[in-house]
Amino acid sequence: MVPHQIRLSLPVDSIDRLASVEEGEFVGAEPAHGPDHTDDRPTWLRRFGRLSRRRRLAWGGAALALALGSTAVTAQATGTWPFDKDRYCWGAWKQDSGPRLLGDAVLQRTDSERSGTASDVPSPDRPQGKCSVVMTSEVPDDHGGHTGTGTEQYGEEAGEAQETLTFESRVTVEFGPVPRKAAERRKWLAGFLDASAVPLPDGVPGVVAGNRGMVVLPKACDVDGRPSAVTLAGGETGDGHLGVVEMPFTVGSRSEVARLMLAVAEKGMKSVGCAPEEPYRVTSPVAATSGDADGVREDFTACRIPGQRFDVGKFGGLAVQRGPVTDRMQTCSLTLRSRGTAPTPAGQFVMVREPRLVALFHGLTGERAPGPDWRGKGELKAGHQVVRADCAGHPTVFFQQLDETLRAAARPSPERVFARSANEVAARIGCAAVAP
Amino acid sequence: MTDDTSAPEPSSAEAPVAPHAASAAAWPAPRPRPRWRQWQWWRRVLRGKPGAVLAAAVAGVLLGAGTMAWQTGAPPFFDEDACWGTLSEDDLEALPLGSEKIRAQELSPGDGVEVSGECRLTGDRYGRADWAVTFRVHTPGGDYGSEPNDWHEKFLASDMAPLGGELLGMTSPARAWLTLPQSCASGSSAGSDPPPTIVDVDTGGSGRYSGPEDDEMRRVLGRAVTRVANGTMDRLGCDGRFEDPGELPALTQAQDSRPEALCGIEGLNTPSSADEQLVLERRSGGGGPIRSCDLGYSDYDIDDVHLITVEHPGLARSLTHAVRGSGTRIESDDGDGTLGSARAAFEASCQTGPVVFMLSQGSVQLKPATARALFSEYVAAEAKRIGCGPLKMEIPAIG
């Protein structure tokens, strides 16, 4: 056997470094030399390897600084510096987190500004609060200034005036118990149990639309027996040569609006100290119901609920929105529409069986039957009617409210319209009639 | 020139008793091969300035690919899971495809304007290479006349059970389906209650079930469509993901009918004009917006008469082709319908929206008078059950 021979051929100036090379040790970029050839690694690598450790650190540090610096410059240019995101609503919402309103793309419009305001964060002593995000932008108005009511930049000459359109979009979130007074509560219900909103999935009690939503918080957050809720409302106005005009506005997809609400709910509940062990989470898709509000005239039945019969004659401007129709809730809303303003609620019919939604009517149903031969407890007034009764084992609330136009239009009368509608819905969900 | 550091083998004649001891004494322990050796290939490639540029280019490509992969969530160097990345090895193994290599032919959704896709999996079950499990993403009844019209008879049959929870869909030991959310479907949702886009799976099974493995297959298919639906929503950029189905209602079996209450519906009986009695029936279980019942004239068959009530508005609209099909018009203030030779369908307007009641027949058909009577009774009884009554229908006598 022939011992394997190792011949070394070393450049003279590296003999002192060879002593530090131990068996099998790879010493970074040290010139490790082969048995029978000179080092012919690339020049740049060779030169780097020959530097002292300190100089290698210096070069390495310089490279790192360059990399970080270019990141910073890029971030600055695109507005995405990672350590500087704005937060809104007591930190619950983060800039650029998804919804268009919080995004950065929307700020690219000329003269756009976004700002947030918030009351004190809810606390155990004061378990309520309000926060909002407002975005304003100005755009030159191409439509000329013949009415002279917009913002004008140069004199009054109609032909030469340069006007700007100002848009303001805002999202307002409120956290706290539902209104105590009955009339205020009914107004709140008209706004937030509107039929354009669909139920949240995954057992979260609440409803959501593109520009509005409401989540009822768990019983632990009740105040004086009234449930607490988080509500979200969005809107946009344009101010131009037509004056201030309310425009249709979408905060985001229903899933996004749901997440915005739940983020504030979680923050608020934690601050108040009533947060549940399992936080509210929505992961399933939000199922939409059908279509838009339809205009109605003359003698019509609202929302396919036999009994919801109104005769408005030639009165235009009324629209009907059919809401979700399930075992746990059913909503029908009538609204007054006119150009340039947001639709105003004119009437609604509601059935809820979901326990936390039933709690929204706490204090409205009273202790007595609404009338002779009625089941359950409630009251019948010209402008509003309500009854809470057991329905196939679950407390169920039927509720209706009508403005003056609809009170006059109800056939045969507001109370009979309510009675028949409640019975028809009761039959649909498989429970006994509530009204005679 | 590469280095040759291997020591020569001891010759077979020597047979040393302690080879390590022998070699340790003779030679120094071999040096572990220094790692710089691996540079040998690199050093040739990276020599000089071109080498530096190449190194930078390769690093850039890897970085870019890595970034892109991170964004799309799919490593670019590995094969995607089957059916546009939705079914893992475990999912595939559970399907009735056999144990040999499973092949997938795919047309993934989102590649065109319409939301439609197909994934055909074939294996060697029972030694037959043509056994297939097919997943489809499509809109039954969405494009009037573009698809065969038997989706409802197959997928809404009485062996189906609802998946429950937030899932609008059903499963059986042979097939399963699940609707995608309306906001995720293609933009062609004209009007209210558009027919939903559906993800379904068909194993080609027969419909006769016997054992616990059938129960398990329902769960497997239910999970599989949920996975494919979630992957489809991912691919389409839609919000939300479905959870796996929970507990299913019991798998229903065929049973003897009660003559005065077919399908458990009081007052629904085989009309006196019928030649034969319907004696065997199977009803779908678990409630939900779709109820169906299959009936047969003999003790061993339930393929003669099928009754379906579809309370989901979008699925009811997907039956427009049946409601407006060829046959005698059904007159009613409360809706629209048609009575044909093999099928009768009526659409009523109820609180939930459109509701379709349907009767379809197999090869042995009822006399027209019998079909008329049975269908009228069925619609009246079902309308009452779902709180949409009373419905008055007039079906004119034929001929």
Side-chain angles (χ1 to χ4, degrees), chain A residues 1-4 6 21 23-27 29-37 39-46 98 201-203 252-256 258-259 282-292 294 303-306 322 324-327 330 332 424-431, chain B residues 1 3-8 10-11 26-37 39-40 42-52 55 165-168 179-184 189 191-194 233 238-243 313-314 349-353 384-389:
Chain A
M1 294 196 210
V2 176
H4 184 81
I6 296 172
V21 178
E23 275 194 7
E25 179 189 279
F26 179 51
V27 210
E30 291 283 2
H33 303 291
D36 51 0
H37 48 259
D39 174 18
D40 56 357
R41 285 171 304 139
T43 309
W44 56 273
L45 198 53
R46 202 187 331 142
D202 301 334
S253 72
R254 288 180 166 105
S255 297
E256 285 172 335
R259 281 195 290 272
V282 164
T283 46
S284 301
V286 178
T289 45
S290 56
D292 297 317
D294 298 317
C303 305
R304 308 186 213 222
I305 302 173
R322 196 158 55 93
V325 181
T326 70
D327 280 346
Q330 182 165 354
C332 176
E424 293 282 348
V425 172
R428 179 182 72 78
I429 59 179
C431 78
Chain B
M1 187 152 77
D3 215 350
D4 187 9
T5 54
S6 57
S11 65
W27 317 114
R31 290 167 79 103
R33 185 174 162 127
R35 258 182 264 160
W36 73 264
R37 296 282 183 192
W39 286 90
Q40 288 183 13
W42 283 103
R43 72 173 185 228
R44 267 184 218 123
V45 171
L46 295 180
R47 213 170 295 180
K49 283 201 187 107
E166 300 295 334
L167 303 168
L168 177 65
T179 58
L180 293 179
Q182 196 179 322
S183 56
C184 193
S189 44
S192 54
D193 307 318
M233 291 199 287
C238 299
D239 229 329
R241 297 292 174 264
F242 293 115
E243 305 233 335
S349 178
C350 307
Q351 291 175 38
T352 49
K384 185 150 181 265
R385 175 180 68 82
I386 64 176
C388 193

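- Using a 4.5 Å cut-off between heavy atoms, B:Glu166 touches chain A through its side chain atoms alone.
- When all heavy atoms of B:Ile386 and A:Arg428 are compared, the pair lying nearest together is O-CG, 3.7 Å.
- Among B:Ser183, B:Ser349, B:Cys388, the residue with the largest count of heavy-atom pairs under 4.5 Å with chain A is B:Ser349.
- Across every non-hydrogen atom of A:Arg322 and B:Thr352, the tightest pair is NH1-O, 3.6 Å.
- Of the listed residues B:Pro313, B:Pro181, B:Gly353, the one with more heavy-atom pairs under 4.5 angstrom with chain A than any other is B:Gly353.
- Proximity to chain A (any heavy atom under 4.5 Å) is restricted, for B:Cys350, to the backbone atoms N, CA, C and O.
- In plain terms, the two heavy atoms of A:Ser253 and B:Asp239 that are nearest each other are OG-OD2, 3.6 Å.
- In plain terms, the two heavy atoms of B:Met233 and A:Pro285 that are nearest each other are CE-CG, 3.9 Å.
- Both the backbone and the side chain of A:Asp202 come within less than 4.5 Å of a heavy atom of chain B.
- A:Val325 and B:Gln351 get closest at one heavy-atom pair: CG2-O, 3.5 Å.
- A:Glu424 touches chain B through backbone and side chain together, each having a heavy atom under 4.5 Å away.
- For A:Val425, the parts lying near chain B are the backbone and the side chain together; criterion is any non-hydrogen pair under 4.5 Å.
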